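Everything on this sheet refers to the single structure shown next.
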Amino acid sequence: MTTKMSPNLTGPATGLFLAEAEVITTPKQSQQPQVQPSKKLHAPKYTWHIVWRNVLAFVYLHVGALYGLYLLFTATKGLTVLWTIALGLMGGLGITAGAHRLWAHKAYKAKWPLRVFLMICQTIAFQNHIYEWVRDHRVHHKFTDTDADPHNSRRGFFFSHIGWLMVKKHDDVKIKGKQIDMSDLERDWVVMFQKKYYLFLVTLFCFILPTWIPIRFWNEAGWTSWYVASIFRYTMSLNNTWLVNSAAHMWGTKPYDKTISPSENLSVAVLAFGEGWHNFHHAFPWDYKTSEFSGYRSNITTAFIDLWARMGLAYQLKTTTLDMIEKRAKRSGDGSRFPTKGNKDDNVDENKDSNEGHTHSHEGEVWGWDDKDLTQEDKELVKITH
């Protein structure tokens, strides 16, 4: 399974109804040169080529989730509630500890038993297979809030939350996606096994087993089991993840880099298992904690990784040194980490919205450990444990 593969950006990766739309959309171009307008008028306009299959799927999921919520409080057995919570926890960790911190950012390493477990958990979450998830996420980090970003937050809350999955992709996502090195995933037999058999695996782990087990072992009603343990659980998991792309790019503080949209958002951190400390994460994407904080209350993913590290199945956990954090915060932070005068970045106009005007350069931006643009100097400042 070590054959080199180019990213699949021309057709559906899985053939499933929630597979991301792969054909392209482009911004509308004016026929004649215009006098340069103000920035608010100069914002690019986009043609939304809607993928109706996905729209209908999301409508069904959200209506079904509301019905599942009703059943949860009126007709669901206690064991089914616990089962639903367990599935949500497993699926969430499959995304945060697996697809995100392990495979996308290489923030730590894992031995094959843990990788297999995380692959199963990520399959429960059904957010496309690991290979596609990682490719899109690395592009997102390299080209945040540009047209190459699959869920560009400059296009609004709805687009960055769910709309990007309802329309065909922008050309730049395809072009820039080809520049992302995916050879590490192509060498991982766990990732490539899941990719090859994804249609079967996701049907089994996301829908069939979650519905069948309550029916078989504690006589739950089939209708209830389907709408609570499968549809409600799955839809909630999707929205918790999507909040990282939307809310955490719009609301919160920016202690480490005020020139980018990702922000520190406690509410998102709680709902997304620690992924809401997003300004830190984009500043230091190789840090396995995705946060400066060491506590577990708002970052259960870190607790999960630390547990496996103590058992020897997770290792080479990468963290950012305090010196590196403080230098970045003093250089480009919004002052919320150092609430004193004299820490202002003279190169950034404080009266300008940092999400407006593209004040942030993407030259040399990194997606994580082993990115070709990560300097040796920065690598030497990273602390590696276990």
Side-chain angles (χ1 to χ4, degrees), residues 95-110 134 137-138 140-142 144 184 244 248-249 252-266 268-269 272-310 314-339 343 345 348 354 360-386:
I95 296 297
T96 60
H100 189 216
R101 303 190 195 186
L102 173 63
W103 281 296
H105 295 297
K106 304 180 74 171
Y108 69 102
K109 293 184 178 181
V134 169
H137 194 70
R138 288 179 178 179
H140 163 65
H141 270 262
K142 291 289 286 185
T144 304
D184 55 318
V244 181
H249 275 259
T253 59
K254 302 177 182 181
Y256 312 99
D257 193 338
K258 64 183 176 182
T259 69
I260 59 177
S261 67
S263 307
E264 304 287 279
N265 190 306
L266 175 60
V268 176
F273 297 176
E275 302 293 78
W277 307 113
H278 217 44
N279 193 250
F280 179 94
H281 174 56
H282 272 255
F284 312 105
W286 57 81
D287 194 308
Y288 88 100
K289 301 192 309 297
T290 69
S291 168
E292 181 180 356
F293 311 116
S294 298
Y296 295 151
R297 282 193 303 174
S298 60
N299 200 338
I300 64 172
T301 304
T302 299
F304 175 85
I305 296 171
D306 284 347
L307 176 63
W308 288 107
R310 293 188 186 99
Y315 60 103
Q316 291 193 21
L317 280 56
K318 302 172 185 70
T319 56
T320 312
T321 61
L322 181 60
D323 180 58
M324 190 176 191
I325 293 170
E326 290 182 342
K327 286 180 178 178
R328 179 66 177 266
K330 289 178 180 178
R331 183 176 73 249
S332 59
D334 63 4
S336 60
R337 190 179 185 279
F338 301 101
N343 293 314
D345 183 355
V348 179
S354 62
H360 174 64
S361 170
H362 292 272
E363 188 70 30
E365 202 69 58
V366 300
W367 52 254
W369 198 254
D370 284 348
D371 187 296
K372 61 182 177 62
D373 291 322
L374 181 60
T375 66
Q376 186 60 36
E377 180 183 1
D378 281 346
K379 282 191 172 184
E380 290 174 355
L381 291 174
V382 174
K383 181 180 179 181
I384 303 178
T385 58
H386 294 280

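All figures in this text were calculated on a predicted structure; none of them were measured in a lab.
- Taking the side chain as every heavy atom from C-beta outward, His249 and His282 approach each other to under 4.5 Å.
- Here the closest heavy-atom approach between residue Ala97 and residue Ile305 is recorded as CB-CG1, 4.2 Å.
- The heavy-atom pair separating Arg138 from Ala104 by the smallest distance is NE-O, 2.9 Å.
- Of all heavy-atom pairs between Pro262 and Lys254, the closest is O-CG, 3.9 Å.
- Between Phe284 and Trp286, the ring planes are perpendicular. Angles over 60° get that label, and only those under 30° would be called parallel.
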Note to self: Please determine whether side chain to side chain contact (heavy atoms under 4.5 Å, CB included) holds for the pair Thr253 and Asp334, giving the CA-CA distance in whole Å, both sets of side-chain angles, and the decisive distance to 0.1 Å.
What the structure shows: CA-CA 7 Å; Thr253 59; Asp334 63 4; 3.9 Å; yes
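- Note that OH of Tyr256 is 13.5 Å distant from CZ of Arg331, once rounded to the nearest 0.5 Å.
- The two atoms that bring Glu275 and Ala272 nearest to each other are CG-O, 3.1 Å, heavy atoms only.
- Exactly one of Val244, Asp287, Thr290 qualifies for a side-chain contact (heavy atoms from CB on, under 4.5 Å) with His281. That residue is Thr290.
- No donor-acceptor pair under 3.5 Å is formed between the side chain of Asn279 and the backbone N or O of Glu264.
- For Asp257 (side chain) and Ala283 (main-chain N/O), no donor-acceptor pair under 3.5 Å exists by modelled atom type.
- Side-chain contact between Lys106 and Asp184 is present, with heavy atoms from C-beta onward closer than 4.5 Å.
- The side-chain hydrogen bond (donor to acceptor under 3.5 Å, both in side chains) test with Tyr296 is passed by exactly one of Asp306, Thr301, Thr302: Asp306.
- Looking at every heavy atom in both residues, Gly333 comes nearest to Lys258 through O-CD, 3.6 Å.
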Next item on the list: Evaluate side chain to side chain contact (heavy atoms under 4.5 Å, CB included) for Thr320 paired with Phe280, printing each intermediate quantity in order.
Entry: CA-CA 10 Å; Thr320 312; Phe280 179 94; 4.1 Å; yes
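- Nearest heavy atoms, Leu102 versus Tyr108: CD1-O, 3.2 Å.
- There is no side-chain donor-acceptor pair under 3.5 Å between Asn265 and Ser263.
- Using a 4.5 Å heavy-atom threshold, the side chains of Ile325 and Arg337 count as touching.
- Ring pair Phe293/Trp277 is perpendicular by interplanar angle, where above 60° counts as perpendicular and below 30° as parallel.
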Notebook entry, point to check: Does the pair Lys318 and Arg101 meet the rule for a side chain to side chain contact (heavy atoms under 4.5 Å, CB included), with working shown?
Noted result: CA-CA 10 Å; Lys318 302 172 185 70; Arg101 303 190 195 186; over 6 Å; no
